[in-house]
Amino acid sequence: MRCPHCNHSDTRVLDSRPTEEGNAIRRRRACSACDSRFTTYERIETTPLMVIKADGRREEFDRNKILRGLVIACGKRKVPMAALEALVDKVESTIRSSMEQEVPSRVIGELVMEGLKEIDKVAYIRFASVYRQFGDVQRFMSELQNLIDQQKLIDN
């Protein structure tokens with residue numbers, strides 16, 4: 001690592017520790033030539049994951065976008081934020097483990113709905129009504145009836 005002050009190539013690590021987020025290592029270094037101190041961060045380099053939208057556009061995967069949608073769907077529900085963050089982690093992990101660099105938004109939406117159904121059924125219906133763009137009451141009622149039928153199977 002080169003010193004940012006004198007450009008000398010010999011530096012030593014004084015301290016290493018993970019960042020609070022746990023996604024990088026923070027290293028405190030000192031230059032052996034000018035004795036100045038500086039900090040570097042070591043991060044895992046990941047390839048960008050691209051999302052193919054319904055209209056064919058491509059955009060970079062943004063986990064915060066999913067989390068915002070979940071927060072809105074769970075509005076005024078007693079759903080812990082940790083459960084929503086865990087769901088987003090699970091969705092992202094599933095997508096990344098598929099080793100695909102491009103994934104259709106429909107796949108992401110289905111994974112989110114599948115997980116949300118287990119967390120809160122009302123939030124699931126809210127999310128599904130926006131995601132699946134229910135154009136009429138009949139489609140909404142059909143999805144609600146499917147949910148009721150699944151619950152009856154579980155209860156029996």
Side-chain angles (χ1 to χ4, degrees), residues 1-134 143 146-147 150-151 154:
M1 176 65 58
R2 292 195 174 277
C3 173
H5 304 283
C6 71
N7 209 27
H8 191 264
S9 63
D10 188 27
T11 62
R12 64 187 181 283
V13 175
L14 302 174
D15 181 44
S16 290
R17 64 181 69 172
T19 60
E20 287 180 23
E21 302 83 29
N23 60 358
I25 302 291
R26 177 185 177 273
R27 298 196 194 284
R28 193 71 183 137
R29 297 179 176 268
C31 176
S32 58
C34 71
D35 216 29
S36 63
R37 294 179 178 214
F38 58 99
T39 302
T40 60
Y41 291 90
E42 182 178 316
R43 287 184 172 69
I44 295 174
E45 187 175 331
T46 58
T47 57
L49 179 62
M50 300 304 288
V51 177
I52 304 169
K53 306 297 275 184
D55 63 2
R57 289 180 299 119
R58 285 170 166 67
E59 63 181 49
E60 196 166 337
F61 176 80
D62 181 3
R63 60 179 285 116
N64 291 324
K65 192 172 179 181
I66 297 171
L67 190 58
R68 281 192 303 271
L70 289 171
V71 167
I72 291 168
C74 294
K76 297 187 181 182
R77 304 289 302 159
K78 293 181 180 178
V79 178
M81 192 65 179
L84 300 181
E85 289 172 351
L87 175 55
V88 175
D89 288 343
K90 182 179 176 187
V91 168
E92 184 175 11
S93 174
T94 301
I95 293 167
R96 289 199 185 275
S97 68
S98 75
M99 303 302 286
E100 296 292 326
Q101 291 182 341
E102 293 186 344
V103 63
S105 60
R106 152 186 66 70
V107 171
I108 297 170
E110 293 297 328
L111 288 170
V112 170
M113 286 194 310
E114 185 180 304
L116 192 54
K117 190 186 294 187
E118 300 301 317
I119 295 172
D120 187 285
K121 295 195 180 358
V122 172
Y124 162 77
I125 289 294
R126 288 177 177 174
F127 188 89
S129 69
V130 173
Y131 174 72
R132 292 200 173 135
Q133 299 176 345
F134 294 155
E143 186 67 31
N146 288 341
L147 193 59
Q150 287 176 2
Q151 189 62 45
I154 293 171

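Only a predicted model underlies this, so the values are computations on that prediction, with no experimental measurement involved.
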J.: Go through the steps for Gln150 and Lys121 under the test side-chain contact (heavy atoms from CB on, under 4.5 Å), then give the verdict.
T.: CA-CA 11 Å; Gln150 287 176 2; Lys121 295 195 180 358; over 6 Å; no

J.: Looking only at non-hydrogen atoms, find the nearest pair between Tyr124 and Met113 and report the distance.
T.: CD1-O, 3.4 Å

J.: What heavy-atom pair brings Ser97 and Thr94 nearest, and what distance separates the two atoms?
T.: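 Closest heavy-atom pair between Ser97 and Thr94: OG-O, 2.9 Å.
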
J.: Answer yes or no: is there a side-chain heavy-atom contact under 4.5 Å between Arg12 and Arg29?
T.: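 No, too far: nothing below the 4.5 Å cut-off.
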
J.: Taking all non-hydrogen atoms of both residues, which atom of Ile119 and which atom of Ala83 are closest, and how far apart?
T.: CD1-O, 3.8 Å

J.: Measure the spacing between CD of Glu102 and CG of Leu49 and express it to the nearest 0.5 Å.
T.: 9.0 Å

J.: Does the side chain of Phe61 come within less than 4.5 Å of Val103's, by heavy atoms?
T.: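 When only atoms from C-beta onward are counted, Phe61 and Val103 do not touch, as no gap falls below 4.5 Å.
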
J.: If you round to the nearest 0.5 Å, how far is CZ of Arg26 from OG1 of Thr39?
T.: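 With rounding to 0.5 Å, OG1 (Thr39) is 4.5 Å from CZ (Arg26).
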
J.: Let me confirm one number: the NZ-CD distance from Lys90 to Glu114, rounded to the nearest 0.5 Å.
T.: 6.5 Å

J.: Between Lys53 and Asp55, does at least one N-O distance fall below 4.0 Å, as a salt bridge requires?
T.: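 Here Lys53 does not pair with Asp55 in a salt bridge, since their nearest N and O are not under 4.0 Å apart.
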
J.: Do Val107 and Glu110 pass the side-chain contact (heavy atoms from CB on, under 4.5 Å) test, and can you show the C-alpha distance, the side-chain angles, and the key distance before you say yes or no?
T.: CA-CA 5 Å; Val107 171; Glu110 293 297 328; 6.0 Å; no

J.: Look only at the side chain of Arg2 and the backbone of Asn7, and say whether a donor-acceptor pair between them is shorter than 3.5 Å.
T.: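 Checked: pair present.
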
J.: Say you draw a straight line from CG of Asp120 to CG of Leu87; how long is it, rounded to the nearest 0.5 Å?
T.: 12.0 Å

J.: What's the shortest heavy-atom distance between Ile25 and Pro18, and which atoms?
T.: CD1-CA, 4.2 Å

J.: Return the minimal non-hydrogen interatomic distance between Gly56 and Arg58, and the atom names on each side.
T.: O-NH1, 3.5 Å

J.: What's the spacing between Leu111 CG and Ile95 CD1 if we round to 0.5 Å?
T.: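 Taking CG in Leu111 and CD1 in Ile95, the distance rounds to 6.0 Å.
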
J.: Going by side-chain hydrogen bond (donor to acceptor under 3.5 Å, both in side chains), Ser16 matches just one of Arg28, Arg27, Glu42. Which one?
T.: Arg27

J.: Regarding Asp89 and Arg63, does a basic nitrogen lie under 4.0 Å from an acidic carboxylate oxygen?
T.: yes

J.: Could you give the distance from CD1 (Ile66) to CG (Leu84), rounded to the nearest 0.5 Å?
T.: 12.0 Å

J.: May I ask you to say whether Glu59 pairs ionically with Lys65, meaning some side-chain N is under 4.0 Å from a carboxylate O?
T.: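 Yes.
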
J.: Looking only at heavy atoms, which two atoms of Thr11 and Cys3 are closest? And how far apart?
T.: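 Nearest heavy atoms, Thr11 then Cys3: CG2-N, 4.1 Å.
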
J.: For Ser32 and His8, run side-chain contact (heavy atoms from CB on, under 4.5 Å): C-alpha distance rounded to whole Å, both residues' side-chain angles, the deciding distance at 0.1 Å, then the answer.
T.: CA-CA 8 Å; Ser32 58; His8 191 264; 3.7 Å; yes

J.: State, with a plain yes or no, whether a side-chain heavy atom of Cys6 is found less than 4.5 Å away from one of Ser36.
T.: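 In short, these two side chains do not touch, never coming nearer than 4.5 Å.
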
J.: Working note: Met81 + Leu67, criterion side-chain contact (heavy atoms from CB on, under 4.5 Å); need CA distance, chi angles, decisive distance, verdict.
T.: CA-CA 9 Å; Met81 192 65 179; Leu67 190 58; 3.9 Å; yes

J.: Counting N and O atoms only, with roles assigned by atom type, does the side chain of Arg126 sit under 3.5 Å from a partner on the main chain of Gly75, one being a donor and the other an acceptor?
T.: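 Yes: the side chain of Arg126 pairs with the backbone of Gly75.
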
